[in-house]
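Down below is the structure, laid out as structure tokens.
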Amino acid sequence: MFWVAAIAMAGAVTLLMALAVRRGSGALPQERADGDVYRAQLREMQRDLARGVTSAEEGERLRVEVARRLLDATRAGPETAPSSRGPSRLGIALVVAFLIAGGVGGYLWLGAPGYPDLPLAARFAQADALRAERPSQAEAEARQAAQAPAEAEIDPAYLTLIESLRQRVTERPDDLEGQILLVRSEDGLGRYAAARAAQERVIALKGAEATGADRAYLGRLMVAAAGGVVTPEAEAVLAAALAAAPDDDTALFLFGIAQLQVGRADRGFQLWERFMQTAPPDSEWRAEVASQMPTLAQLAGVRYAAPEAAQGPTAADVAAAADMSPEERATMVRGMVGGLEDRLAREGGPATDWARLIGALATLGEPDRARAIWQEAQTRFSGRDADLATLNAAADAAGLTE
């Protein structure tokens, strides 16, 4: 239907242009056009004389002048009149060919010939089909088993220690510290399926004390064991991790990968946009997400501008304000603090920027605002012990914990 409509519109436009060009070639010769004008003027003068609008003397003078001009135009002949011939048939054919070639060439260059129509309903159905066709965790791990690194290539002494640890954990399955150590060891060896099993045991032993970070780590091991595929089981684990820790960078990154693997760029963009707003600057996924965001935004059909790093008053800013009056210095610092607060409220940022804002507000003598920011930041970074430690240190230095 697209090609039928495109050809029909191109043909209609070409026909209209050809008719317009041919219409120009049918113009009257110059001497005939002038003669018709003078004859019309003579008829008009006769009507004016009959109505008494023009005197007989004036009418006679005008009649003689117009008659003279009519005679001159008649004597000029077609050989002296400027040519008004339109373009030749060859010229028309060249114009039409140029239009057709330009249209087809432009579409071949900018368009996607042969690409089928793909409305949103069809895309969602395709995504659902891809989601349903994903292998299970067991199937994906079985496919990757043959690609596991050979332990013969690893230091035998280290393998001996790991084997002792495995034996100990087998004999004492409720040893939480041993299970945690085993997870790290198997992960380091690239035995992701074994690490995944050990991490599942860790979460089971922790019970209600298992954190979102624990589940995010399990999801990461499951994806690694499946060769990069986010299986249904891994997606469920990552969803649970985000429910416990909505801003966990590993869970946001991998859950976004799960959406991309089934063609849901819109959902992947939402997850990674939140990642860019909340992930710590040193997150191992930040560089990859930042590089992919413009392309992902284009696929999702949204406008995207990378968030600027939130900045607040630094030591250099304070030093530069040393020569200012106290009023000017306070105005400058308040402007910086206000800008930092607005940016964090709008776009989020790492825990270090929230800590800087807490300290700045306390310094400005606004402990209530500083305490409110501290409480909001604790909610944002819930379940992330390192970030919470940074925030609590800033609050303690600002005297908010007393």
Side-chain angles (χ1 to χ4, degrees), residues 137 165 169 172-188 191-226 230-259 270-286 288-289 344 348-355 358 373-396 401:
Q137 186 68 32
L165 177 61
V169 169
R172 302 168 59 184
D174 294 337
D175 182 358
L176 178 59
E177 294 299 327
Q179 293 286 358
I180 293 175
L181 183 58
L182 180 62
V183 171
R184 302 294 180 179
S185 300
E186 300 288 22
D187 187 9
R191 299 182 74 250
Y192 302 118
R196 183 265 308 159
Q199 182 64 11
E200 288 177 345
R201 184 59 184 166
V202 168
I203 292 176
L205 292 174
K206 285 188 175 183
E209 296 182 358
T211 65
D214 292 329
R215 291 181 170 84
Y217 186 31
L218 173 59
R220 176 177 179 171
L221 292 172
M222 294 175 75
V223 173
V230 183
T231 63
E233 295 89 341
E235 186 175 2
V237 168
L238 293 170
L242 287 176
D247 296 331
D248 185 273
D249 57 327
T250 296
L252 284 172
F253 173 74
L254 293 176
F255 205 72
I257 291 291
Q259 306 309 312
Q270 294 173 358
L271 290 161
W272 281 10
E273 185 179 35
R274 196 164 89 205
F275 174 97
M276 292 299 297
Q277 294 172 352
T278 61
D282 59 348
S283 171
E284 61 181 304
W285 318 110
R286 177 170 283 276
E288 182 176 353
V289 172
L344 290 178
T352 52
D353 287 331
W354 290 86
I358 293 169
I373 294 296
W374 177 36
Q375 293 172 351
E376 180 182 354
Q378 286 179 309
T379 301
R380 284 178 175 262
F381 294 94
S382 175
R384 295 164 63 168
D385 295 339
D387 291 329
L388 289 174
T390 300
L391 296 170
N392 292 335
D396 185 60
T401 57

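Along the sequence shown, residues are numbered consecutively beginning with 1. On a predicted model such as this, the values are computed, not experimentally measured, just so you know.
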Are the side chain of R380 and the backbone N or O of T278 linked by a donor-acceptor pair below 3.5 Å?
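Not a single qualifying donor-acceptor pair exists.
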Tell me every residue that passes salt bridge (Lys or Arg N to Asp or Glu O under 4.0 Å) with [X], counting only those two or more places apart in sequence or in another chain.
X: R286; result: none
X: E273; result: none
X: E288; result: none

To check you understand the geometry: which heavy-atom pair defines the closest contact between [X] and [Y], and what is its length?
X: V230; Y: A258; value: CG1-CB, 3.5 Å
X: L242; Y: A251; value: CD2-CB, 3.6 Å
X: A216; Y: L238; value: O-CD2, 4.3 Å
X: G212; Y: A241; value: O-CB, 3.5 Å
X: T231; Y: A226; value: CG2-CB, 4.0 Å

Partners of [X] by side-chain contact (heavy atoms from CB on, under 4.5 Å), sequence neighbours excluded?
X: A198; answer: Q179, L182, V183
X: V237; answer: R215, L218, M222
X: A195; answer: E186, D187, L221
X: T211; answer: A213, D214

W272: partners by ring-ring contact (aromatic ring centres under 6.0 Å, His included), with sequence neighbours left out
F253
With sequence neighbours excluded, residues passing ring-ring contact (aromatic ring centres under 6.0 Å, His included) with Y192
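Y192 satisfies ring-ring contact (aromatic ring centres under 6.0 Å, His included) with no other residue.
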Among residues at least two apart in sequence or on other chains, which ones pass side-chain hydrogen bond (donor to acceptor under 3.5 Å, both in side chains) with R201?
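Testing R201 for side-chain hydrogen bond (donor to acceptor under 3.5 Å, both in side chains), a comparison that skips the adjacent residues, returns D174.
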Those residues that, when tested against Q378, pass side-chain hydrogen bond (donor to acceptor under 3.5 Å, both in side chains) (two or more places apart):
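Partners of Q378 under the side-chain hydrogen bond (donor to acceptor under 3.5 Å, both in side chains) test: N392.
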Once you round to the nearest 0.5 Å, how far does [atom1] of [X] lie from [atom2] of [Y]?
X: I373; Y: W354; atom1: CD1; atom2: CH2; value: 5.5 Å
X: D353; Y: I358; atom1: CG; atom2: CD1; value: 11.0 Å
X: Q137; Y: R196; atom1: CD; atom2: CZ; value: 6.0 Å

Apply salt bridge (Lys or Arg N to Asp or Glu O under 4.0 Å) to R220 and E284, showing your working.
CA-CA 13 Å; R220 176 177 179 171; E284 61 181 304; 2.7 Å; yes
Test: side-chain hydrogen bond (donor to acceptor under 3.5 Å, both in side chains). Region: residues 244-253. Which pairs qualify, not counting sequence neighbours?
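Listed by first then second residue: D249-S283, T250-W285.
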Would I257 and V223 satisfy side chain to side chain contact (heavy atoms under 4.5 Å, CB included), going step by step from the backbone distance to the final call?
CA-CA 10 Å; I257 291 291; V223 173; 5.9 Å; no
